[in-house]
Amino acid sequence: MLLPKARGELSEALFDTLRSESEVEGLDLRPTDGDDAHIALWAMYELHYAGFEDVDDEREWNPEVLRLRRRLERDFEAELRARHTATTLDEPFAEGLFAYIAHHDGPSLAAHVQRKADREQVLELLRHRSIYHLKESDPVAWSVPRLPTAPKAALMELQYDEFGGGDPNRLHAHLFALGLEASGLRADPFAYIDDVPVEILELNNAMSLFGLHRRLRAASLGHLAAFEATSSLPSRRMAQGLARLELPQEMIAYYEEHVEADAVHEQLAVRTICGALVAAEPHLVDDVVFGAFTCLDLEDRYAQRMLDEWVAA
Amino acid sequence: MTPEHGFEHPDVIICPGGPLLLRGDHVVEDADGVAHETVRPVSAVCRCGKSADQPWCDGTHKVLAARDRP
């Protein structure tokens with residue numbers, strides 16, 4: 001895959017210098033806006049995943065690229081923390097975290113898909129979701145070597161299922177790719193990156209930010225817990241909506257798999273993963289909540305944007 | 001710090017208000033006598049009776065009133 005389209009002055013300068021064969025330079029610009037900052041950050045993170053055909057692999061660790069990444073990450077993390085209000089969870093921890101997630105109230109894209117969305121809206125949603133679902137569970141995999149024994153084993157128990165239990169045919173990202181192909185959409189990674197709104201870039205960048213910093217390992221696991229704990233019931237609604245619109249069985253099967261898988265994963269993420277982490281490192285509980293909030297809040301922002309756009313259309 | 005007798009790693013976990021987690025490969029017979037094989041490292045068996053995906057949990061317990069949860 002090639003670098004995405006620039007969305008402002010900074011991303012244009014970054015992508016130009018990444019593509020060139022000369023020294024990386026000219027990255028001291030301020031981003032034009034959120035789109036500009038987040039497409040730049042997304043592309044720099046992507047260098048750590050699959051990379052780009054038009055960028056030399058050496059540039060993953062180029063100091064100038066890392067300097068810019070760190071500057072944009074600091075701004076992004078400060079913004080995420082400013083949106084969050086620190087909360088003390090009820091005891092015991094697992095019930096407290098489940099209750100915190102359940103009490104968060106936000107707009108539901110899945111309810112819209114279940115009852116009202118038309119085919120075009122659903123295809124647009126699938127294109128947007130493809131940016132994450134085609135590398136589903138990859139960002140939290142960065143957290144594995146940063147964990148103590150009990151949460152490390154617990155996270156791998158969950159990840160083993162996400163990655164198909166050793167069977168590539170059951171790997172969740174692959175199931176989504178099959179669903180995209182059957183729906184007549186492109187299944188190559190980030191084929192639709194130029195079409196996604198900034199909220200999707202923020203969702204993806206938050207997971208990479210949490211995954212790539214050992215300091216933020218608890219936020220990474222808190223994000224996972226909130227993601228899994230808000231997946232089973234919405235996945236059922238998504239599957240029903242896709243069936244109502246007669247989308248292919250492969251795409252429906254992806255969501256049906258998540259009804260059952262995430263009913264397990266939410267228990268693991270909250271109890272055996274986050275629970276074991278805060279038992280081993282109690283001071284990390286605030287960052288678990290911060291990560292959970294960030295997941296819920298960024299999903300709300302994306303849902304609100306799409307519902308507003310679809311109502312206005 | 002490692003616990004004195006190793007880490008707890010039970011085969012079955014009862015989740016308060018939620019499902020029963022089963023680690024490993026099992027065959028679960030549902031209320032109609034139909035056998036279902038587990039397919040994942042850990043499976044969640046419905047305890048509230050309201051799952052639409054019996055015998056597996058589908059998260060429905062979370063929308064039940066507290067008195068109706070297992």
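The structure presented is a predicted model; accordingly, all values stated were derived computationally and were not measured. Below, chain A is the first sequence line, B the second, and so on; all start at residue 1.
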*With a 4.5 angstrom heavy-atom cut-off, could you sort out which part of A/E256 is near chain B: side chain, backbone, both or neither?*
neither
*asked:* Would you say that B/V63 contacts A/L233 through its side chain, given a criterion of any heavy-atom pair below 4.5 Å between the two side chains?
replied: yes
_Tell me whether A/Y160 at atom OH has more than 12 heavy atoms from other residues, nucleotides or ligands lying less than 6.0 Å away._
no
*Any side-chain heavy atom of B/C15 sitting closer than 4.5 Å to one from A/E95?*
no
*Over 12 foreign heavy atoms within 6.0 Å of NE2, A/H283*: yes
*Between chain A and each of B/V39, B/I13, B/V42, count heavy-atom pairs under 4.5 Å; write down the option with the most.*
B/V42
*Nearest-0.5 Å distance that lies between atom CG in B/D58 and atom NE2 in A/H258*: 15.0 Å
*Might you work through the salt bridge (Lys or Arg N to Asp or Glu O under 4.0 Å) test for A/E257 and B/R40, ending with a clear yes or no?*
CA-CA 11 Å; A/E257 159 66 9; B/R40 50 188 87 252; 3.0 Å; yes
*Where on A/A94 is there a heavy atom nearer than 4.5 Å to chain B: the side chain, the backbone, both, or neither?*
neither
*Option in B/E8, B/H61, B/R23 with maximal non-hydrogen atom pairs under 4.5 Å from chain A*: B/R23
*Kindly give the heavy-atom pair with the smallest separation between B/G59 and A/S232, and that separation in Å.*
CA-CB, 4.5 Å
*Quick check: are there more than 12 heavy atoms from other residues, nucleotides or ligands sitting under 6.0 Å from CG of B/D68?*
yes
*asked:* With a 4.5 angstrom heavy-atom cut-off, is it the side chain or the backbone of A/A154 that approaches chain B, or both, or neither?
replied: neither
*When you look at CG of A/D167, are more than 12 heavy atoms from neighbouring residues, nucleotides or ligands closer to it than 6.0 Å?*
yes
*asked:* For a quick test of reading the model, state the closest non-hydrogen atom pair linking B/A44 to A/V264 and the distance between them.
replied: N-CG2, 3.4 Å
_Nearest 0.5 Å, please: how far is OG1 in B/T60 from CZ in A/R236?_
6.5 Å
*Ignoring hydrogens and angles, tell me if any N or O in the side chain of B/K62 forms a donor-acceptor pair with the backbone of A/T230 under 3.5 Å.*
no
*Drop me the distance from B/H9's NE2 to A/T272's OG1, to the nearest 0.5 angstrom.*
9.0 Å
*Could you tell me whether A/R214 atom CZ has more than 12 heavy atoms of other residues or ligands within 6.0 Å of it?*
no
*asked:* Minimum heavy-atom separation for A/E157 and B/P41, please, with both atom names.
replied: O-CG, 4.0 Å
*What pair of heavy atoms forms the shortest contact from B/C57 to A/A263, and how long is it?*
O-CB, 3.3 Å
*Are B/L21 and A/L268 close enough that some pair of their side-chain heavy atoms sits under 4.5 Å apart?*
yes
